[in-house]
Trainee: 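Just dropping this structure here.
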There are 4 protein chains.
Amino acid sequence: MFFASDNSGPTHPKVLEALVNANNGYRSGYGADAEMDIVTAQIRELFEAPDAAVFLVGTGTAANAILLATLTNPWDTIFCSPMAHIHEDECNAPEFYTNAKLTLVPAENAKMTPEALRISMQNEGNRGVHGPQHGPVSISQVTEMGTVHTLDELRALTKIAREFGSKVHMDGARFANALATLNCTPAEMTWKSGIDAVSFGGTKNGLMGVEACVIFDPEKAWEFQLRRKRGGHLFSKHRYLSAQMQAYLTDNLWLSMATEANARCAQLAQGLVTNIAVTFVEKPEANIIFARFPRHLHQRLLNAGANYYVIDGDPQAGDLDAILTARLVTDWSATAEDVENFLNIING
Amino acid sequence: MFFASDNSGPTHPKVLEALVNANNGYRSGYGADAEMDIVTAQIRELFEAPDAAVFLVGTGTAANAILLATLTNPWDTIFCSPMAHIHEDECNAPEFYTNAKLTLVPAENAKMTPEALRISMQNEGNRGVHGPQHGPVSISQVTEMGTVHTLDELRALTKIAREFGSKVHMDGARFANALATLNCTPAEMTWKSGIDAVSFGGTKNGLMGVEACVIFDPEKAWEFQLRRKRGGHLFSKHRYLSAQMQAYLTDNLWLSMATEANARCAQLAQGLVTNIAVTFVEKPEANIIFARFPRHLHQRLLNAGANYYVIDGDPQAGDLDAILTARLVTDWSATAEDVENFLNIING
Amino acid sequence: MFFASDNSGPTHPKVLEALVNANNGYRSGYGADAEMDIVTAQIRELFEAPDAAVFLVGTGTAANAILLATLTNPWDTIFCSPMAHIHEDECNAPEFYTNAKLTLVPAENAKMTPEALRISMQNEGNRGVHGPQHGPVSISQVTEMGTVHTLDELRALTKIAREFGSKVHMDGARFANALATLNCTPAEMTWKSGIDAVSFGGTKNGLMGVEACVIFDPEKAWEFQLRRKRGGHLFSKHRYLSAQMQAYLTDNLWLSMATEANARCAQLAQGLVTNIAVTFVEKPEANIIFARFPRHLHQRLLNAGANYYVIDGDPQAGDLDAILTARLVTDWSATAEDVENFLNIING
Amino acid sequence: MFFASDNSGPTHPKVLEALVNANNGYRSGYGADAEMDIVTAQIRELFEAPDAAVFLVGTGTAANAILLATLTNPWDTIFCSPMAHIHEDECNAPEFYTNAKLTLVPAENAKMTPEALRISMQNEGNRGVHGPQHGPVSISQVTEMGTVHTLDELRALTKIAREFGSKVHMDGARFANALATLNCTPAEMTWKSGIDAVSFGGTKNGLMGVEACVIFDPEKAWEFQLRRKRGGHLFSKHRYLSAQMQAYLTDNLWLSMATEANARCAQLAQGLVTNIAVTFVEKPEANIIFARFPRHLHQRLLNAGANYYVIDGDPQAGDLDAILTARLVTDWSATAEDVENFLNIING
């Protein structure tokens with residue numbers, strides 16, 4: 001009953017197996033390994049983008065910060081949701097790598113609305129040399145609230161960005177979970193919808209710590225590589241990142257794992273919705289649920305060994321009927337039994 | 001016959017085994033894993049430093065840059081050898097993380113001499129607010145030329161740093177190889193010789209990509225953590241770094257691997273010294289040789305499948321008797337047979 | 001009828017005279033001029049702060065950015081009003097000098113409310129290493145809307161900052177105008193109310209381009225000097241800044257000029273309040289008015305030669321009855337006749 | 001007898017007069033003043049560069065750092081002489097503004113030799129993504145040793161820069177003094193010799209603190225303006241910079257002052273050369289002399305009120321016959337009598 005985070009779960013056995021298989025003899029370092037050539041080809045095929053630049057890094061924060069830096073001037077402002085990981089959870093890494101500013105765009109269900117984005121972009125970047133200029137728009141897909149932008153929503157946002165001459169970055173830490181929800185192609189969810197650069201996350205979905213950075217304009221490839229090295233994110237024994245990503249991309253393992261994680265989340269939601277003591281903050285659309293229920297139910301769950309975050313209070317101290325919010329995240333390794341056990345405790 | 005780099009070799013089977021063993025169930029992320037607690041205790045015991053702050057990152061460049069940043073103000077200059085990795089091979093990562101400057105101190109055998117360090121520190125930092133101030137001294141142990149500072153040499157350098165109020169950083173990407181040479185304790189090679197912070201390298205010595213950063217003054221611990229996160233170097237699935245480092249530290253695996261690498265280097269040197277066509281640039285003291293011999297011998301080796309860098313010319317084109325320099329690096333997985341084959345080809 | 005900005009007006013004749021008087025012979029540079037010794041003594045006496053560090057720079061943006069940098073770590077967030085000059089009008093200079101982030105605190109009349117500041121400081125800096133840490137609070141006095149914090153309001157904000165361990169910066173670009181309004185002492189408006197560092201503005205109040213940076217904790221003095229030099233803001237012929245500031249501080253010229261500017265603003269407000277077509281966005285408290293009135297009145301004024309900013313539309317094109325907002329700023333050199341002329345046109 | 005620095009002297013009366021004349025009424029700020037339009041036209045005509053971008057800042061450090069930042073990527077290295085002001089005397093301002101590195105090129109008489117520049121550019125930027133890339137070459141004209149590059153020397157250096165794809169920056173803090181020596185046109189000493197951007201210094205030559213930044217490729221104009229504002233170097237009351245520069249450019253005042261300063265330096269050199277106790281470190285070519293003579297002569301001069309720097313020892317303490325080096329700088333306001341007095345003391 002571990003629903004604290006999808007980056008606390010294990011690595012898929014096929015990924016470990018790929019690491020073992022890659023562990024033979026010597027290999028050129030720093031991305032010049034044969035495995036990386038395969039990964040690049042796989043990603044380009046998957047995204048229907050034969051010219052895309054593809055690079056691997058070890059963390060989602062590195063992926064976001066370096067991608068953003070290739071799209072941003074130091075005198076720009078980056079437009080994102082107030083709940084965006086790049087704003088809330090990266091300890092100023094975007095500011096460090098870009099030396100620019102973030103503008104928080106009002107959002108509903110953690111999704112910037114087109115109207116709010118337009119107003120924000122009108123209000124910033126209109127003071128000539130005195131204020132910041134228009135930098136990129138950054139969209140989290142899945143959002144930090146567990147919602148998923150539809151293709152129409154993505155296109156509405158990227159269209160506005162284009163009007164202001166801005167590029168669009170997608171934080172795809174949970175790219176696979178979003179795609180499993182939308183049931184579209186990676187191309188449709190990215191460049192066909194106006195995305196210029198995307199992190200294709202692996203860490204939260206069964207890898208040890210690998211994210212692919214995909215830039216659809218290959219002119220930025222060399223700059224990305226220099227920024228990656230300068231940030232200390234170019235791995236000498238790069239094959240161990242490539243091997244993981246190769247396994248991830250083989251036989252759609254990435255999508256299978258995300259589909260499984262989403263299914264467990266749906267199972268959890270279906271069980272919770274029957275409980276009249278439980279309300280949802282947002283309709284869960286991928287592998288994250290924000291659910292509100294009384295403290296005594298939290299205590300029952302936690303005391304029985306459930307593991308998740310209560311985000312707005314101490315579940316162990318205070319009025320037993322007070323309503324507190326649980327953040328429940330399922331990963332690829334969550335089992336139907338785990339979910340059932342959890343539901344039996346809260347519903348039983 | 002792969003002597004191109006010690007970071008192109010494989011991972012030790014015990015390290016892979018540790019990864020497999022760590023791959024069970026859920027674990028708290030971001031360094032709060034149980035494996036990391038063990039690693040911290042292991043390192044503190046190994047370095048006889050019960051209060052030391054210990055953190056893991058994925059690359060040597062990250063280790064150096066973040067450690068230096070905790071010791072440096074943006075208006076300082078860092079003193080290092082002109083051959084230092086932080087100057088030559090990190091694409092301005094130290095400048096990025098510290099925003100400061102590097103002062104290159106004349107060196108012999110890639111080791112700054114005490115006299116040169118003193119003169120450099122006298123000549124910099126003496127112009128009040130107009131020039132840079134005294135930042136830390138950075139020492140590579142093993143140096144980039146394959147030489148090793150004796151304890152006396154370390155102490156002579158750190159003593160001068162102290163006179164100018166400067167801290168001392170050790171780039172220990174090949175820490176284990178240096179220790180295997182000096183046959184001293186880690187404490188003796190670091191804090192007992194005046195080192196304030198050291199990267200304890202694993203990547204070049206049998207790990208996939210893990211370096212331990214050890215700071216002897218624990219007051220800097222929190223700053224290091226913030227700088228690590230801000231640089232995108234805090235791994236969510238941190239257990240996979242911890243597990244590697246734990247295996248590395250268990251039963252002195254780290255020292256055994258370095259001893260083996262050094263032994264292969266010595267075997268190679270002993271075989272080369274008998275060849276009158278070969279001269280050494282430096283006396284090899286760890287696991288790196290710089291050897292000079294005619295182009296026709298390079299061609300014979302390379303055509304037979306040997307893999308190493310020729311650093312001062314094209315081995316395949318030009319006067320066959322021209323002397324070119326080979327950089328030969330042995331790692332833990334190099335075999336005596338490999339070395340023998342290499343020697344048979346060049347000597348035979 | 002020039003009410004566009006108080007930094008477009010001329011320099012006071014006494015300031016020019018001081019420049020002429022300072023132009024004799026040679027003088028030590030970089031702040032070591034005799035005039036600067038006098039300025040330091042004057043400021044310390046004026047602020048009743050015998051240990052304060054006092055430095056001059058040429059622009060308000062430099063004063064804010066360098067002062068903030070001495071109070072901020074790169075992993076912090078700075079709390080300020082959404083209308084703050086440091087956010088809106090400095091093209092990311094604070095981000096450049098601090099490498100940190102700004103958190104916008106909801107404000108009324110451009111003044112952060114204590115409640116909003118407390119909530120912002122609770123919501124930021126509570127995610128451990130993942131999010132930014134608590135940096136300083138920055139207060140504009142006069143605000144960008146022309147309002148002035150009372151001493152009670154200042155103390156309420158600085159008290160909250162203290163609870164979170166944060167320092168407080170005051171953007172005093174219009175320090176003199178605020179003091180003329182509050183009729184208190186500089187000490188009361190700064191360190192006695194919990195301010196740690198303040199820019200004492202001269203440029204908007206009759207100097208050519210000089211701001212004094214006052215830091216009440218002298219331990220930061222050397223860091224400020226290094227940051228000033230590193231930012232390119234240490235003037236070699238520093239006497240020409242000192243001489244201006246010395247004249248400004250002599251015989252309370254600074255306060256006389258601000259009092260005059262405020263008086264002209266009050267005259268303007270009194271005349272406008274009688275016009276039923278005019279409403280005020282905020283009650284004018286210093287030397288700035290935001291007034292709303294129909295486009296045809298704007299046209300009448302502008303066509304008669306009045307010079308000011310219309311901030312929310314084109315005064316020359318559109319519905320003549322549409323309401324547009326004027327920003328009217330008076331400086332020390334505005335005359336009662338100018339104001340009267342303006343009022344005659346709009347009211348006549 | 002003040003020969004300590006040319007930035008300690010007074011401002012020319014015509015410059016003060018221009019300030020007084022500019023002090024009438026209101027003027028648009030931030031560079032939109034009518035005086036600046038004139039300055040831009042004057043500079044374009046003077047440099048025979050009708051498209052050049054022209055901007056003013058208040059300090060030489062700002063001019064160098066911002067110009068370099070427009071020519072440099074953060075992953076580059078800038079090539080300069082070890083004595084360059086940007087390396088020695090700007091407290092890491094170039095590193096702050098560019099976030100890049102400086103490579104010190106061996107120099108003779110403070111002038112990089114073409115051979116040394118070529119070797120440096122060959123040795124840096126040849127390690128792919130691992131090392132820094134080729135950034136601009138920066139040339140000081142006059143050098144910090146008082147020497148002046150001939151046009152042939154400039155062309156030899158810029159030709160090499162071009163071969164490596166690098167731009168060339170000229171630190172023209174003493175541009176006027178160099179031009180007075182070479183007796184060529186500003187165009188010949190800059191773009192006709194391969195210079196891309198130059199600071200046209202005024203501060204050391206009779207202004208209060210104004211440098212013109214001239215960029216021959218106008219595409220960089222907007223970036224320069226953003227970097228200037230972001231660095232806090234855009235003056236609101238900009239007319240007071242423009243007015244000084246306008247006076248400076250009118251009737252060749254800039255060149256007259258430099259010619260006078262150089263003439264006083266030549267007079268000084270001619271008088272010293274007759275003294276057998278005096279030797280020159282470099283042949284003085286502009287307005288700076290480095291001369292070596294015994295301590296007892298230093299004492300005689302200093303005790304008589306001469307003011308200059310002794311750069312390699314304490315003139316008042318030690319062996320009276322020991323040789324110490326004087327740095328003697330003449331500015332526009334130095335008089336023939338001053339020089340004569342100085343010579344009488346040392347020679348008499």
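So you know, we letter chains A, B, ... as the sequences are listed, proteins then strands, and number each from 1.
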Trainee: Over 60° means perpendicular and under 30° means parallel, so tell me whether C:F175 and C:F200 are parallel, tilted or perpendicular.
Mentor: perpendicular
Trainee: Which atoms of A:P132 come close to chain C, meaning under 4.5 Å heavy atom to heavy atom: side chain ones, backbone ones, both, or neither?
Mentor: both
Trainee: With a 4.5 Å cut-off on heavy-atom pairs, point out which of A:N99, A:N92, A:T61, A:T77 contacts chain C the most.
Mentor: A:N92
Trainee: Check whether A:H87 gets within reach of chain C through its side chain, its backbone, both or neither, counting any heavy atom under 4.5 Å.
Mentor: both
Trainee: Side chain from CB out, backbone as N, CA, C, O: work out which of these in A:L102 comes under 4.5 Å of a heavy atom of chain C, or both, or neither.
Mentor: side chain
Trainee: By the definition side chain to side chain contact (heavy atoms under 4.5 Å, CB included), identify the one residue from C:M170, C:K167, C:M121, C:H169 that meets it with C:V137.
Mentor: C:M121
Trainee: Is it the side chain or the backbone of A:E95 that comes within 4.5 Å of chain C heavy atoms, both, or neither?
Mentor: both
Trainee: Looking only at side chains, do A:E90 and A:N64 share a donor and an acceptor under 3.5 Å apart?
Mentor: yes
Trainee: Heavy-atom cut-off 4.5 Å, strictly under: side chain, backbone, both or neither for C:E88 against chain A?
Mentor: both
Trainee: Does the side chain of A:T203 come under 3.5 Å of the side chain of A:N7 through a donor N or O and an acceptor N or O?
Mentor: no
Trainee: Report the residue from C:T143, C:D6, C:N205 that forms a side-chain hydrogen bond (donor to acceptor under 3.5 Å, both in side chains) with C:R174.
Mentor: C:D6
